[in-house]
Number of protein chains: 2
Amino acid sequence: MSGSRPFANALELLRDAGLRPTRQRLALARLLFDRGDRHVTAEQLHGEAIAAAVPVSLATVYNTLHQLVGAGLLREVVVNPGRSYFDTNVSDHHHFFLEESGRLLDIPGDRIDVSNVPAPPAGTAIRRVDVVIRIGREAD
Amino acid sequence: MSGSRPFANALELLRDAGLRPTRQRLALARLLFDRGDRHVTAEQLHGEAIAAAVPVSLATVYNTLHQLVGAGLLREVVVNPGRSYFDTNVSDHHHFFLEESGRLLDIPGDRIDVSNVPAPPAGTAIRRVDVVIRIGREAD
DNA sequence: TGCCTTCTTTAGAACGGCTCTAATCTGTTG
DNA sequence: CAACAGATTAGAGCCGTTCTAAAGAAGGCA
């Protein structure tokens, strides 16, 4: 009963990120990080918080998500115009995107090799390499 | 003076796609395909059409862009939440995305190797593999 | 403990990109 | 040239997200 214990961690996690551990942020952090890797939209998370009897406004959900992204605890994944996903897995990895259902699935970073990448333009550096494999029903 | 001549092609291009060559569609097709590979947003294209004294509504720009995507003549690129880019290069290739300016740069398909890709879930097939290399000012 | 400052939360308005609607217009076919 | 299907349009509407200004909580310090 130790290791990456979730409950106590939400507090530390927020403190380490320099965020005051408020009721709302604690609840959101737990919803996000207590169940392993997740891909949630702001609205989903908001719904879960409400369902868990934690009244949080949508604005706060967005604020918190962006703060966690800023702290490197969350990653924003863009696969769909007009909707952002937030990924609790911040390790090096990529995604399958199921176009029909809008679901995301992780692909471990070591399961894909991206090689032979050209150098970025002068004065710029690579921030991230995103591989999105769009999949759909077989035989379209 | 032959080959992929632009002007005459706009007509053919639309007919081959099963789209009536209307004034608006012809103008948009020329703006899109007469200058080599481009990455445009709907609003950009709309602005160009207006500037070229071709009165087109934004709704028509969207309609036309989607029809061209459906015909395989254009490709939608999603890198930014809340804004779509349309890419006139439909060959196999990938992108640099300059986060500061919002610009896209093509990377030829043969300049990147994506290998060792896991099989997609049963009953699904890969539709496309998108690699987006996000770049920013050096030394962040 | 209570006060004070700072940070956080909030409802609701606002925003931006995109889509829809229903009326008008234009290409095309016979 | 008539007539119909398809295309265009202005403007309203939609949806995810952000902004605003005011009220509310955390934490520090006397």
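In what follows, every heavy atom counts, from backbone to side chain, and hydrogens, waters and symmetry copies are set aside. Numbered from 1 within each chain, the chains take letters A, B, ... in sequence-line order. Nothing here was measured: the structure is a model prediction, and the numbers come from that model.
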| said: I need the CG-C1' distance between A:L58 and C:dA14, as an integer number of Å. | reply: 14 Å
| remark: B:R20 has its side chain closest, among C:dG27, C:dC18, C:dT10, to C:dG27
| said: Taking 4.0 Å as the cut-off, does a side-chain nitrogen or oxygen of A:T22 come that near to OP1 or OP2 on C:dC7? | reply: no
| query | When you look at B:E100 and A:R127, which way does the salt bridge (Lys or Arg N to Asp or Glu O under 4.0 Å) test go after all the steps? | reply | CA-CA 12 Å; B:E100 265 87 25; A:R127 295 239 171 101; 3.3 Å; yes
| query | B:E43 CD to C:dG16 P: how many Å, rounded? | reply | 9 Å
| field | First encountered from the 5' end of DNA chain D, between A:P21 and A:G82 | value | A:G82
| query | Taking the six-membered ring for Trp, are A:H93 and A:H95 parallel (under 30°), tilted (30 to 60°) or perpendicular (over 60°)? | reply | perpendicular
| Integer-rounded Å distance: C:dT9 C1' and A:L26 CG | 14 Å
Show which side-chain atoms of residues 110-120 of chain B pair as donor or acceptor with protein atoms under 3.5 Å away, not counting sequence neighbours.
none

| said: Between P on C:dG17 and CZ on A:R83, what's the gap in Å once rounded to a whole number? | reply: 18 Å
| task | At the 4.0 Å heavy-atom cut-off to chain A, mark where contacts on DNA chain D begin and end, going 5' to 3'. | result | D:dG16 to D:dG27
| task | Remember a base hit wins even if backbone is also touched, and classify B:H66 as base, sugar-phosphate or nothing at under 4.0 Å, heavy atoms. | result | sugar-phosphate
| message | Less than 3.5 Å apart, any donor N or O on the side chain of A:E76 or A:S84 sitting next to an acceptor on the other? | response | yes
| message | One thing to verify: whether B:R38 and B:E48 come together as a salt bridge, which I'm taking to mean a side-chain N less than 4.0 angstrom from a carboxylate O. | response | yes
| To the nearest 0.5 Å, what is the distance between CG (B:L19) and CG (B:L73)? | 8.0 Å
| field | Presence of B:Y62 side-chain N/O under 4.0 Å of C:dC18 phosphate oxygens OP1/OP2 | value | yes
| field | Modelled atom types, side-chain donor and acceptor of A:D106 and A:H94, under 3.5 Å | value | no
| Relative to the 5' end of DNA chain C, which residue comes earlier, B:R15 or A:Q67, by the nucleotide with the nearest heavy atom? | A:Q67
| In whole angstroms, how far is the P atom of C:dC7 from the CZ atom of A:R25? | 11 Å
| message | In this structure, how many angstroms lie between the C1' atom of C:dC7 and the CG atom of A:N63, rounded? | response | 12 Å
| query | In whole angstrom, what separates B:L14's CG from C:dT28's P? | reply | 11 Å
| remark: Sorted by position of nearest nucleotide on DNA chain D, 5' first, the leading residue of A:T41 and B:L19 is B:L19
| query | For B:R23 and C:dT24, what is the distance between atoms CZ and C1' respectively, to the nearest whole Å? | reply | 15 Å
